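Scope of the values below: all heavy atoms of this structure, side chains included, with no hydrogens, waters or symmetry mates. Each chain gets a letter, A, B and so on, in the order the sequences are listed, and its residues count up from 1. Nothing here was measured: the structure is a model prediction, and the numbers come from that model.
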There are 2 protein chains.
Amino acid sequence: MSAITNHCQLCCEPGGEVVWSNSLARVVNVNDEDHPAFCRVILQWHVREMTDLSEPERSELMRIVFAAEQARRNILEPDKINLACFGNIVAHLHWHVIPRFCLDPHYPNAVWGSHTAGSRQNLPESYWTRFYEELVAQLG
Amino acid sequence: MSAITNHCQLCCEPGGEVVWSNSLARVVNVNDEDHPAFCRVILQWHVREMTDLSEPERSELMRIVFAAEQARRNILEPDKINLACFGNIVAHLHWHVIPRFCLDPHYPNAVWGSHTAGSRQNLPESYWTRFYEELVAQLG
């Protein structure tokens, strides 16, 4: 396990509103303007790549990512789920979990691509509370 | 397991030059102009989302994705690895595995984002042969 570094934004700050966490990872609401259900799954310590983790750590991190995916599908029924692990700007292991809708502001492009004609798809009431409950249920 | 569909590009075509395959997935060289080491890991049957797979299938698919990541790191020593599973255009489960370099044509943006000042980073000789050998070694 690498030491937490003072120079990394995701070592120093939660990176969003923490919805759920354990000793391995936290799930945060990033309050994305265009994609309000966008969350990130952020490792609790500083590592750059998935293959810097041990195999059990990788498996457990992906289990959390897939639980976040399933929780979103159960509540929102999105047209697609997008998953991504980049870290080109903040090289601290984190996953983007983004429910996508045919009418959202970038569809069918990646959310890092060009805007299209769509608009923000608002969330149902109490979305993040329901998301937390679904996530906990998925993680068992 | 969903049936193969005649309407899906990745059911009808390999989606690139097949470098390695088994009954679960194939790894293809997509011959990307800007990112020559870009490969995709494509499921052998038609499924939209990771959470449509059983847990053992998910784990095995991710093992192949991470083996592709490690193989690239061993040969190229990239500045970062980017992993992504979108499928907004072709909703047949596939992973993008992209070694990134600080001097590549999109860094630090996602490869689906704006071009930057960088240029194509050419591959070492016999790269794909070496990649195949490293991938097989990783998969054990």
Quiz item: Looking at Glu69(A), Arg58(A), Gln70(A), which has the largest count of heavy-atom pairs under 4.5 Å with chain B?
Solution: Glu69(A)
Quiz item: If two hydrophobic side chains count as joined below 4.5 Å and joins carry through other members, does Leu53(A) share a cluster with Leu24(A)?
Solution: yes
Quiz item: Quick one: of Met50(B), Glu55(B), Met62(B), who has the most non-hydrogen atom pairs under 4.5 Å with chain A?
Solution: Met50(B)
Quiz item: Transitively linked via ILVMFWY side-chain contacts under 4.5 Å: Val111(A) with Val28(A)?
Solution: yes
Quiz item: Measuring heavy-atom distances to chain B, does Asp52(A) have an atom under 4.5 Å in its side chain, in its backbone, in both, or in neither?
Solution: both
Quiz item: Just checking heavy atoms, which of residues 82-103 of chain B are less than 4.5 Å from chain A?
Solution: Asn82(B), Leu83(B), Ala84(B), Cys85(B), Phe86(B), Gly87(B), Asn88(B), Ile89(B), Ala91(B), Trp95(B), Arg100(B)
Quiz prompt | Hydrophobic cluster membership, Val30(A) vs Val27(A), 4.5 Å side-chain cutoff | solution = no
Quiz item: For the candidates Asn109(B), Asp79(B), Ile81(B), which exhibits the highest count of non-hydrogen atom pairs separated by less than 4.5 Å from chain A?
Solution: Ile81(B)
Quiz item: Where does Arg63(A) contact chain B at under 4.5 Å (heavy atoms): side chain, backbone, both or neither?
Solution: neither
Quiz item: Is there a side-chain contact (heavy atoms from CB on, under 4.5 Å) between His106(A) and Trp112(B) once you walk through the steps?
Solution: CA-CA 12 Å; His106(A) 294 88; Trp112(B) 300 274; over 6 Å; no
Exercise. Determine, using the 4.5 Å side-chain heavy-atom cutoff (strictly less than), whether Trp45(A) and Leu10(A) are members of one ILVMFWY cluster.
Key: no
Quiz item: At what distance, to the nearest 0.5 angstrom, does CD of Glu49(B) lie from CZ of Arg72(A)?
Solution: 12.5 Å
Quiz item: For Tyr127(A), does the OH atom have more than 12 heavy-atom neighbours from other residues, nucleotides or ligands under 6.0 Å away?
Solution: yes
Quiz item: For the hydrophobic clusters of this structure (ILVMFWY residues joined by side-chain heavy atoms under 4.5 Å, transitively), does one cluster hold both Phe66(B) and Leu43(B)?
Solution: yes
